[in-house]
Every structure is written in structure tokens, then in C-alpha cells.
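Reckoned from all heavy atoms, side chains included, excluding hydrogens, waters and symmetry mates. In what follows, every chain begins at residue 1, and chains take the letters A, B, ... in the order their sequences are listed.
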There are 2 protein chains.
Amino acid sequence: MEKTLKQIKALSDGNRLRVVMALSAFGELCVCQITELLQVSTPTVSRHMSVLHNAGMVESRKDARWVHYRLSENFPEALLNWAESSVAGSRIILKDKQALETILSFPRDELCRARKQGLAV
Amino acid sequence: MEKTLKQIKALSDGNRLRVVMALSAFGELCVCQITELLQVSTPTVSRHMSVLHNAGMVESRKDARWVHYRLSENFPEALLNWAESSVAGSRIILKDKQALETILSFPRDELCRARKQGLAV
DNA sequence: TTTTTAGATACTTAATTAGCTAAATATATA
DNA sequence: TATATATTTAGCTAATTAAGTATCTAAAAA
């Protein structure tokens with residue numbers, strides 16, 4: 001039961017739920033893309049991803065300086081399907097989808113640099 | 001999305017998850033039965049049930065002095081199915097099932113009175 | 001080799017939450 | 001009508017959690 005509870009708790013934060021929905025829709029995102037999406041600090045994103053990782057819900061790969069996160073193949077499919085249908089149509093999720101299309105239209109390097117300089121998108 | 005989050009948060013407490021599993025398995029329980037199951041104070045149970053009720057996950061009916069809770073018919077079925085399969089086999093849930101069979105073998109009035117006198121089962 | 005960079009970790013603060021006791025409420029019972 | 005009872009609400013405490021800033025880490029880039 002502890003594992004189940006850990007997974008539920010991992011999803012019980014609004015920003016983490018948004019990240020999971022974004023990863024489900026777009027496959028893979030790096031920290032600075034997630035940071036841009038959530039509009040919080042990088043350390044905050046890092047900690048959220050750590051929670052999701054410790055719950056076995058996301059996996060990461062390193063590419064040069066970048067860490068990319070994606071949903072783990074062990075992510076409970078039934079839970080994901082429920083969550084997606086439950087939030088489908090919500091204003092925040094729809095807005096996130098649009099924002100992500102913009103975010104992903106920027107080369108990753110440029111996005112990270114723009115963030116650093118306080119510009120971003 | 002706020003409704004989804006509220007439901008996830010409602011389940012993100014161990015005792016509340018246990019209650020939902022118990023209601024799913026046994027249909028309907030009164031406060032003192034839940035109190036006996038969880039081994040916490042009655043006011044604590046009352047507040048937990050309030051959280052679940054506010055999330056639209058349980059319903060109640062009054063019968064004399066007793067309030068009985070059951071899962072709402074609006075409880076997300078996919079979520080319930082996932083949770084059940086996810087915790088199936090866990091020691092706590094199995095132990096709860098046994099405890100509930102004992103609890104339900106007592107007439108409700110006697111259980112409530114025994115609890116009040118610090119005896120219980 | 002030195003510098004830069006993306007992300008993780010440490011520390012702090014403020015908000016939220018689970019548990020308890022005391023008291024209130026609604027209503028059944030005597 | 002007074003009393004008893006099951007449950008809810010109020011108030012408090014301790015623990016947990018989300019956010020920020022500062023700093024560290026690993027490793028890419030110059």
C-alpha cells in the first residue's frame with residue numbers, strides 16, 4: 001500500500017499533475033522546458049521531478065548538460081488514463097498544451113539561455 | 001482540473017485510502033465502525049469523511065443517531081479499479097478486511113457503546 | 001586547464017494537513 | 001422535559017510540503 005500511496009501523493013500537487021499530463025502529451029521534456037511551463041524556479045522543478053522519480057513515475061536521460069524526463073514505462077496506465085480523461089478540457093491543461101507548443105518551437109539551447117537572462121517566452 | 005486534484009488529494013492520506021477500500025468492499029459503514037477500523041478518534045474520522053464528501057467521493061445517510069457512509073455513485077470507477085488492484089495483497093488492506101469482518105459481526109449499537117467505554121474489539 | 005552551464009541539493013519560510021481534546025449540535029430515549 | 005448519545009465543529013499542536021534563494025555538482029565548452 002505504501003507504493004500506491006506514494007504514487008497518489010506524487011500526483012496530488014497541481015504542478016506535478018501538469019507535468020505528468022505534459023509528458024504524456026509531448027513525450028519528453030527537459031528541466032528548462034518544464035520550468036518555463038510551470039513558471040517556477042529551476043530548483044522547484046528539480047524537486048518535483050525527484051518526487052515523481054522516487055514514486056517510479058518518471059525516468060530521465062542525460063544529454064550533454066540537459067536532463068530529459070519522460071513518463072516511466074511502469075507508470076500505471078489505468079491511472080494515467082483516468083487522470084487524462086478527468087482533466088481533459090480543463091482550462092489549465094488546454095493552456096499548457098498551447099504554451100508547450102510554443103516552448104517546443106524554440107531550440108532547447110536558446111530557451112535555456114533566454115530563461116537565464118530572464119527573457120523566456 | 002481543481003476537481004481532479006481534489007479527488008487525488010482526498011485519496012492521498014493512508015487512512016482515507018483505507019476507508020475507501022473498506023467502503024468498496026463492504027458497502028456501507030457508520031462512523032463508529034470506521035473509527036474502530038482506523039483506531040483514531042471519532043472527530044478525526046469525521047474530518048476525514050468530510051474531506052471525502054467534499055471531493056464528491058462519499059455519500060451519507062442518517063439512521064437514528066448513526067450516520068452511514070458509502071461510496072458515491074459518482075466515484076470515478078477507473079480510479080477505484082486502479083486503486084483496488086494497486087493495493088490488492090497489501091498487508092494493511094488484508095488486515096483491514098479481517099478486522100472489518102469482526103467489526104461487522106457486532107451489532108452496531110453494541111459496538112458504539114463498547115467504544116465509548118474504551119473496550120471495543 | 002579554466003570557465004560556463006544545467007540541474008541538484010541545502011536551508012529557510014509560509015502554508016497545509018493529520019491527530020488530539022473540548023465543546024457544540026441534533027435528536028433519540030427515558 | 002431532562003438526559004443520553006453519535007457525530008460534527010472549534011481550537012491547538014506537530015509534522016509535512018511547496019516555494020524561494022544560495023550553493024554545490026557534474027560535465028560540457030572555451
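Listed by chain and residue number, A:D13, A:R18, A:L38, A:V40, A:H48 satisfy the side chain to side chain contact (heavy atoms under 4.5 Å, CB included) test with A:N15 (two or more places apart in sequence, or in another chain). The side chain to side chain contact (heavy atoms under 4.5 Å, CB included) check on B:E77 picks up B:N81, with sequence neighbours excluded. When the side chain to side chain contact (heavy atoms under 4.5 Å, CB included) test is applied to B:K3, the partners found at least two apart in sequence or on another chain are B:Q7. In this view, B:S41 and B:T44 satisfy the side chain to side chain donor-acceptor pair (under 3.5 Å) rule, not counting sequence neighbours.
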Do nucleotides 19-30 of chain C as a string where each nucleotide becomes B, S or -: B if the base has a protein heavy atom under 4.0 Å, S if just the sugar-phosphate does, - if no protein is that close.
BBBB-----SS-
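Within the 4.5 Å cutoff, no side-chain heavy atoms of A:M57 are placed close to those of A:V20. A:L104 has its side chain within reach of A:L29: a pair of non-hydrogen atoms, C-beta onward, lies under 4.5 Å apart.
At a threshold of 4.0 angstrom between heavy atoms, the contacts of B:R108 with the nucleic acid are absent.
Rounded to a whole Å, the CG atom of A:D63 is 10 Å from the P atom of C:dG7. One interatomic measurement links the two molecules: CG of A:L11 to C1' of D:dA18, which rounds to 16 Å at whole-angstrom precision. Spacing between atom NE2 of A:H53 and atom P of C:dA8 amounts to 10 Å, rounded to whole angstrom units. Remark: P of C:dT17 and CG of B:L52 are 14 Å apart, rounded to the nearest angstrom. When the P atom of D:dT16 is taken as reference, atom CG of A:L5 falls 13 Å away, rounded to whole Å. When the P atom of C:dA8 is taken as reference, atom CD1 of A:I34 falls 9 Å away, rounded to whole Å. In this structure, CG of A:N54 is placed 16 Å from C1' of D:dT16, rounded to the nearest angstrom. Counting to the nearest Å, the C1' atom of C:dG7 and the CG atom of A:L29 are 15 Å from each other.
The phosphate of C:dA6 (OP1 or OP2) has no side-chain N or O of A:Y69 nearer than 4.0 angstrom.
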List the atom pairs, donor and acceptor, that lie under 3.5 Å between side-chain atoms in residues 64-71 of chain B and the rest of the protein, sequence neighbours left out.
from: B:H68; atom 1: NE2; to: B:R108; atom 2: NH1; distance (Å): 2.9
from: B:R70; atom 1: NH2; to: B:E59; atom 2: OE1; distance (Å): 3.3

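Candidate nucleotides D:dA18, D:dT7, C:dA8 were compared by shortest atom distance to the side chain of B:V67, and D:dT7 ranks first.
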